[in-house]
Amino acid sequence: MVSQVQSFFEHFLKENFIFQNKKFLQANYLPDLVMHRDDFMREMASILAPALKGDRPSNLFIYGKTGTGKTLITRRVTDDMERIAKENNIPLRVIYVNCKLRRVADTEYRLIAQLAREFGRVLPATGLPTDSVYSIFYELLDSKEQLVLLVLDEIDQLAKRAGDNLLYNLTRINTELKHAQLCLIGISNDLVFVDQLDARVKSSLSEEELLFPPYNAVQIHAILQERANKSFKENALQPGVLEKCAAYAAGEHGDARRALELLRVAGEIAERKSCQYVEIKHIDEAQEKIDRDRLYDLTLNQPRQYQALMYALLTLGLKQQSIVTGELYGVYEQTCHRLKLRPLTQRRISDVIGEFEMLGIAQTRVVSKGRYGRSRNIVLAVPRVSLPKMKELLVSSLGLNELEQV
DNA sequence: AGGTATTCACATGAAACTATTCTCTGAGTTAGG
DNA sequence: TAACTCAGAGAATAGTTTCATGTGAATACCTGT
């Protein structure tokens, strides 16, 4: 007898009308040619070109919102340069670091240690003074004649956490190097980031600047079309699907990455349902699924204390429209008591509420209620339909189930 | 009525503390010559 | 005497707590009409 699972798989293999090759829709795919960005590519290439002759190019600062192709273009250009350099025996080295990665390159010490690691030197995560990590890095960098292009992606995150001291050191590093030369390429999502920098850092970091504008709906549509042709089977998309996808993404400040993800997830939904086509309604479902998954993921990956607070927040949120800090703290304390957890101070909780806002779980507004003090009004920013499920997840994750619900 | 002083209930900021992980250094110990 | 062990001093970092100060407007309290 054929098991149900087996027949499911057979069915699955036979009945795939949708995908041809999904990889073109995945986030790490690096196309040879980035659409609607030719002029940026040319400009960046011409700024960086001196590197191939052994001259140090101007430092470059790139900014633009998420999903506008900054990282993609930079990777494309620097990859090509590295290849050409290799073919012609030019001592050029490209180092790409994403500064947002927690516990990798988000502080001064860690960034420098990470760079040293790129040169093949293993450094411990802690224990050494920062100065000595610096001098190790200098030594490695200056050990031979070479030109290093250092790409710092999400550099705003780094500056926020580590202070601009670090950037200052990096921009001046060339004056101390005898053999090697360093060229900085900073990439930032934050459009006002440069203005907040120390003037000296600002001027030397952004000797050249590139601003990537968001894509408009027409451009996103073209991008989707191009990738869809490669990844979907012929006629797998119903008319209007791409348009709808593009419209969604254009609404979200022209984020091409988001659009591609949306299309991919919609395809996966259609595939799972064994549909012949990706239909427009699948886009809506995909949008919902993406949001939902993100939310549940967020819920489950919080530390216990945060989950306790979130539980309190949901409990109150189900009962009333808006919540004030004091109320929430009270319920949170009760929750902690039930969990035999030592409650954090109100000060700390205040910050955690701020983090929840950052994560898009809640919206807050500081209001003064006159004689009755000043407090934060907290409103849940989560679709109401997700609340019970979220609460359920929390209950099981916290081990609250056998206890009486408040 | 109109003006101003209080007061509440937190927000917000800065500094200090705690705990963990890890290196480096130098004193004491051990084993072999 | 060289090699080894091990405790203690220092670092980096995350997550807090402690202490200090700030704040917007509803109310309480005056004041002169």
Side-chain angles (χ1 to χ4, degrees), chain A residues 97-140 154 156-170 196 298 300-313 316-317 320-337 339-359 361-381 397-398:
Chain A
V97 183
N98 188 334
C99 307
K100 199 174 67 176
L101 292 179
R102 299 280 279 170
R103 296 169 198 282
V104 176
D106 58 344
T107 68
E108 184 167 18
Y109 180 97
R110 292 214 261 250
L111 175 72
I112 304 297
Q114 176 64 28
L115 296 180
R117 223 164 280 145
E118 293 281 342
F119 283 103
R121 177 71 165 270
V122 185
L123 288 174
T126 162
L128 296 179
T130 307
D131 311 10
S132 51
V133 181
Y134 258 112
S135 41
I136 290 172
F137 171 61
Y138 280 134
E139 232 168 80
L140 287 168
E154 319 241 8
D156 45 331
Q157 300 289 323
L158 180 66
K160 206 182 291 166
R161 289 179 50 88
D164 28 352
N165 200 20
L166 164 64
L167 293 181
Y168 181 64
N169 287 340
L170 281 177
Q196 296 157 7
L298 220 60
L300 287 176
N301 289 321
Q302 300 295 329
R304 247 175 117 66
Q305 290 283 5
Y306 286 44
Q307 288 187 337
L309 180 64
M310 201 183 288
Y311 179 80
L313 182 63
L316 279 172
Q320 58 204 63
Q321 264 299 311
S322 93
I323 307 158
V324 294
T325 307
E327 258 177 314
L328 177 57
Y329 189 72
V331 178
Y332 159 76
E333 274 184 312
Q334 286 170 33
T335 312
C336 282
H337 184 69
L339 290 166
K340 302 214 164 35
L341 217 57
R342 196 168 60 85
L344 301 177
T345 49
Q346 187 153 311
R347 177 67 188 85
R348 178 65 186 134
I349 290 303
S350 188
D351 282 348
V352 178
I353 294 172
E355 288 181 46
F356 281 180
E357 178 163 28
M358 284 299 195
L359 292 173
I361 297 170
Q363 274 188 6
T364 73
R365 199 158 48 89
V366 178
V367 288
S368 181
K369 294 194 292 293
R371 195 68 221 279
Y372 305 102
R374 222 165 95 90
S375 182
R376 238 189 319 204
N377 252 338
I378 307 162
V379 180
L380 280 175
S397 168
L398 286 167

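A quick note: this is a predicted structure, and the numbers were derived from the prediction, not measured. The analysis underlying the following values was restricted to heavy atoms, covering all of them including side chains, and did not include hydrogens, waters or symmetry mates. Below, chains carry the letters A, B, ... as their sequence lines are ordered, and counting in each starts from 1.
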Spacing of [X] atom [atom1] relative to [N] atom [atom2], expressed in whole Å:
X	N	atom1	atom2	answer
Glu108(A)	dA12(C)	CD	P	9 Å
Ile353(A)	dC10(B)	CD1	P	10 Å
Asp106(A)	dA14(C)	CG	P	6 Å
Leu344(A)	dT18(B)	CG	P	16 Å
Asp131(A)	dT23(B)	CG	P	18 Å
Leu123(A)	dT13(C)	CG	P	13 Å
Leu158(A)	dT13(C)	CG	P	11 Å
Tyr109(A)	dG10(C)	OH	C1'	12 Å

Quick one, Thr130(A) and Ile112(A) - any side-chain contact, counting heavy atoms below 4.5 Å?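 The answer is no; the side chains never approach within 4.5 Å.
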For [N], does OP1 or OP2 lie under 4.0 Å from any side-chain N or O of [X]?
X	N	value
Ser350(A)	dA11(B)	yes
Thr325(A)	dC10(B)	no
Ser375(A)	dC8(B)	no
Thr126(A)	dA11(C)	no

When only distance counts, do a donor and an acceptor, one from the side chain of Arg348(A) and one from the base of dT16(C), lie under 3.5 Å apart?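 Not at all, since no donor on one side and acceptor on the other fall under 3.5 Å apart.
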Taking donor-acceptor contacts at under 3.5 Å, does the side chain of Arg347(A) reach the base of dG13(B)?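 In this structure, the two groups form a donor-acceptor pair.
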Any side-chain donor near an acceptor of the partner, Gln307(A) and Ser397(A), under 3.5 Å: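 The criterion, which ignores hydrogens and geometry beyond distance, is satisfied for Ser397(A) and Gln307(A).
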Of Lys369(A) and Leu128(A), whose nearest nucleotide on DNA chain C comes first from the 5' end?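 Result: Leu128(A).
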Take Gly370(A) and Arg376(A), find for each the nucleotide of DNA chain B with the closest heavy atom, and name the residue whose nucleotide sits nearer the 5' end.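 Going by which nucleotide is closer to the 5' end, it is Gly370(A).
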Given dC10(B), dT23(B), dT13(C), identify the nucleotide with an atom nearest to the side chain of Arg110(A).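 Nucleotide nearest to Arg110(A)'s side chain: dT13(C).
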Nearest to side-chain heavy atoms of Arg371(A), which nucleotide of dA11(C), dT12(B), dA26(C):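 Between dA11(C), dT12(B), dA26(C), the one nearest the side chain of Arg371(A) would be dA26(C).
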Name the residue from Leu298(A), Thr364(A), Leu313(A) that meets the side chain to side chain contact (heavy atoms under 4.5 Å, CB included) definition with Phe356(A).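 By the side chain to side chain contact (heavy atoms under 4.5 Å, CB included) criterion, Phe356(A) pairs with just one of Leu298(A), Thr364(A), Leu313(A): Leu313(A).
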Under 3.5 Å donor-acceptor, Thr335(A) side chain and Val331(A) backbone: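 Present.
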For the CD atom of Glu154(A) and the CG atom of Asn98(A), what is their distance to the nearest 0.5 Å?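 Going from the CD atom of Glu154(A) to the CG atom of Asn98(A) covers 5.0 Å.
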